[in-house]
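A short write-up of the structure that comes next.
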Amino acid sequence: MNKLFTRLISKSLNKLSKTDKLASTYKAAVITEIGKPLEIQEKKVPKLKPNQVRVQVVYCSVNSVDCHKFRNDSDQLPFIPGYELSGEILEKGTEVKDEVIRIGERVVGLNLLHFGGFAEQCVLDINDVWRIPGDLERKDAAVIAYGHSTALYTFSKLSTIKEKEKVIISAGPAGMGLAAVDIAANVYKAQVIGLVDTEERGELVRQRGAFETVSFSEKLPKTCMAVTENKGANVVYEAVGEQMELIGKCVAVGGKLFHAAPFFYKTIPAPKPHTFASIVSLKELKKQNNNLYRSIVNDTLEMANDGLISAHISAKFNLTQVNEAIKFIDDKKCTGKVLIYIDN
């Protein structure tokens with residue numbers, strides 16, 4: 001019975017892939033001019049290189065880097081944003097073996113170099129694709145892969161967090177800080193002090209596991225010192241790209257400050273004496289140690305599948321509503337991640 005079921009599934013997937021390969025175009029949301037609304041266009045389906053796969057996109061996160069490119073980056077126009085996505089394998093390059101991935105499998109992708117996720121389909125290098133484990137939903141996988149993996153890498157490989165240790169994390173509207181709160185509080189059982197800009201966000205950060213929250217103000221260093229017995233925190237995770245000088249004053253002597261939004265940094269403030277500062281980037285980790293990069297993302301997905309961490313989705317928009325999704329973020333209505341749903 002199992003062999004018959006397997007053959008039927010295999011035939012169904014092969015039939016599906018052959019049908020989809022016949023399509024010569026696909027829809028995508030394209031930046032054609034800086035500052036102008038994205039346009040929904042028909043794009044020609046590109047041929048695959050031997051080590052690439054074509055993914056039928058179901059969900060794609062709208063991240064702060066996408067919004068930045070929408071306003072500022074004119075070097076690559078026309079450009080399809082979106083790098084954190086989930087969906088199913090449509091087609092494989094000649095070097096991608098079945099033991100690595102199969103047509104029809106559910107996957108999550110991080111296309112940190114080439115983007116292209118705001119579309120019905122996206123081409124990725126096989127090293128940027130992971131199977132979605134167990135019963136983890138595709139919408140959750142599409143918002144956990146990047147932010148949570150960045151935090152897991154920071155807290156597991158670049159620092160040591162003890163249970164009940166106070167950790168300071170800045171949490172803004174983009175979801176990076178919220179992901180770090182989830183990892184620090186619920187995996188490492190740290191006492192997270194969340195830095196927030198509104199009480200609404202503060203309430204959410206506490207719900208996600210923060211021990212307490214502190215509002216951004218000129219008094220931030222003094223307040224953070226007060227809640228850390230005038231020592232500061234050994235680990236400070238800055239995920240917003242703002243108020244960096246103030247946040248840097250909250251680090252304990254001998255402590256570490258991690259900048260987790262490197263795309264926006266033209267410069268970063270010098271660390272205060274006898275503290276250390278580091279930029280954290282999954283994109284750079286991929287270049288430096290691809291095996292570790294893949295392992296970190298895979299571990300993050302497994303943690304989500306086991307219920308140790310979870311996604312927080314503020315809103316979903318379909319592909320034709322992509323400009324509404326960006327405005328939703330600009331208006332600071334989001335508290336976590338925003339998703340584009342591709343209705344195939």
**Item:** Side-chain heavy-atom pair Ile132, Ser86 within 4.5 angstrom cut-off
**Value:** yes
**Item:** Among Glu245, Glu238, His259, the one residue meeting side-chain contact (heavy atoms from CB on, under 4.5 Å) with Ile268
**Value:** His259
**Message:** Surrounding CD of Glu218 (heavy atoms of other residues, nucleotides or ligands, distance under 6.0 Å), is the total greater than 12?
**Reply:** no
**Message:** Counting neighbours of CZ on Arg102 that are heavy atoms of other residues, nucleotides or ligands and sit closer than 6.0 Å, is the number greater than 12?
**Reply:** no
**Complete:** Looking only at heavy atoms, the pair that brings Ala145 and Leu282 closest together is O-CD1, 4.3 Å
**Message:** With a 4.5 Å cut-off on side-chain heavy atoms, are Val227 and Glu212 touching?
**Reply:** yes
**Item:** Proximity of Tyr146 and Trp130 rings by center, below 6.0 Å
**Value:** no
**Heavy-atom donor-acceptor pair, Asn186 side chain to Arg208 backbone, under 3.5 Å** = yes
**Item:** Aromatic plane relationship, Tyr83 with Phe115 - under 30° parallel, 30 to 60° tilted, over 60° perpendicular
**Value:** perpendicular
**Asked** Does the side chain of Leu339 come within less than 4.5 Å of Ser61's, by heavy atoms?
**Response** yes
**Message:** Using a 3.5 Å distance criterion without hydrogens, assess whether the side chain of Glu203 forms a donor-acceptor pair with backbone atoms of Glu200.
**Reply:** no
**Message:** Counting only heavy atoms from other residues, nucleotides and ligands, does the tally under 6.0 Å from NZ of Lys27 exceed 12?
**Reply:** no
**Request:** Indicate yes or no for a side-chain donor-acceptor contact from Asp197 to the backbone of Phe216 under 3.5 Å, with no hydrogens or angles considered.
**Result:** no
**Item:** Closest contact, heavy atoms only, Ser159 versus Thr154
**Value:** OG-O, 2.9 Å
**Message:** Quick test of your reading: applying salt bridge (charged side-chain N to carboxylate O under 4.0 Å, His left out), list the pairs with at least one residue in residues 46-57, sequence neighbours left out, ordered by first then second residue.
**Reply:** Arg54-Glu91
**Prompt:** Applying salt bridge (charged side-chain N to carboxylate O under 4.0 Å, His left out), which residue pairs with at least one partner in residues 125-146 are found, sequence neighbours left out?
**Reply:** Glu88-Arg138, Glu105-Arg131, Asp128-Lys286, Glu137-Lys139
**Request:** Would you indicate whether the side-chain heavy atoms of Thr32 and Leu77 approach each other to under 4.5 Å?
**Result:** no
**Request:** Group every Ile, Leu, Val, Met, Phe, Trp and Tyr by side-chain heavy-atom contacts under 4.5 Å, then state whether Val62 and Val30 land in the same group.
**Result:** yes
**Request:** Can you tell me which residue pairs pass the salt bridge (charged side-chain N to carboxylate O under 4.0 Å, His left out) test with a partner in residues 303-329, sequence neighbours excluded?
**Result:** Lys327-Asp331
**Request:** Taking all heavy atoms of Val236 and all of Cys250, pick out the closest pair and write down the distance.
**Result:** CG2-O, 4.0 Å
**Closest non-hydrogen atom pair between Asn234 and Ala252, with its separation** = OD1-CB, 3.6 Å
**Among Pro78, Pro37, Pro81, the one residue meeting side-chain contact (heavy atoms from CB on, under 4.5 Å) with Ile31** = Pro81
**Prompt:** Of the non-hydrogen atoms in Ile340 and Ala325, which two are nearest, and what is the gap between them?
**Reply:** CD1-CB, 3.8 Å
**Asked** Hey, is the main chain of Val251 close enough, under 3.5 Å, to the side chain of Lys272 for a donor-acceptor pair?
**Response** yes
**Request:** May I ask you to test the Val100-Lys92 pair for a side-chain heavy-atom distance under 4.5 Å?
**Result:** no
**Message:** Test of understanding: clusters of I, L, V, M, F, W, Y form through side-chain heavy atoms closer than 4.5 Å, transitively. Do Leu110 and Leu124 belong to the same one?
**Reply:** yes
**Message:** I'd like to know whether the aromatic ring centres of Phe155 and Phe258 sit less than 6.0 Å apart in this structure.
**Reply:** no
**Complete:** Correct closest heavy-atom pair for Ala28 and Lys43 would be CB-CG, 3.9 Å
**Asked** Are the side chains of Tyr293 and Leu112 in touch, meaning some heavy atoms are under 4.5 Å apart?
**Response** yes
**Asked** Under a single-linkage definition using a 4.5 Å side-chain heavy-atom cutoff for Ile, Leu, Val, Met, Phe, Trp and Tyr, are Leu204 and Val192 assigned to the same hydrophobic cluster?
**Response** yes
**Message:** A side-chain contact here means heavy atoms from C-beta on lying under 4.5 Å apart; do Leu246 and Pro221 qualify?
**Reply:** yes
**Asked** What about Leu158 and Ile168, same hydrophobic cluster or not, with Ile/Leu/Val/Met/Phe/Trp/Tyr joined at side-chain heavy-atom distances under 4.5 Å?
**Response** no
**Message:** With no hydrogens and no angle check, just 3.5 Å: does a side-chain donor-acceptor pair link Gln191 and Lys166?
**Reply:** yes
**Message:** Do Ile40 and Phe317 sit in one hydrophobic cluster, given that two such residues count as connected whenever their side-chain heavy atoms are within less than 4.5 Å of each other, even indirectly?
**Reply:** yes
**Any donor-acceptor pair under 3.5 Å from Thr300 side chain to Ile296 backbone** = yes
**Asked** Is there a side-chain contact between Cys60 and Ile342 (heavy atoms, below 4.5 Å)?
**Response** no
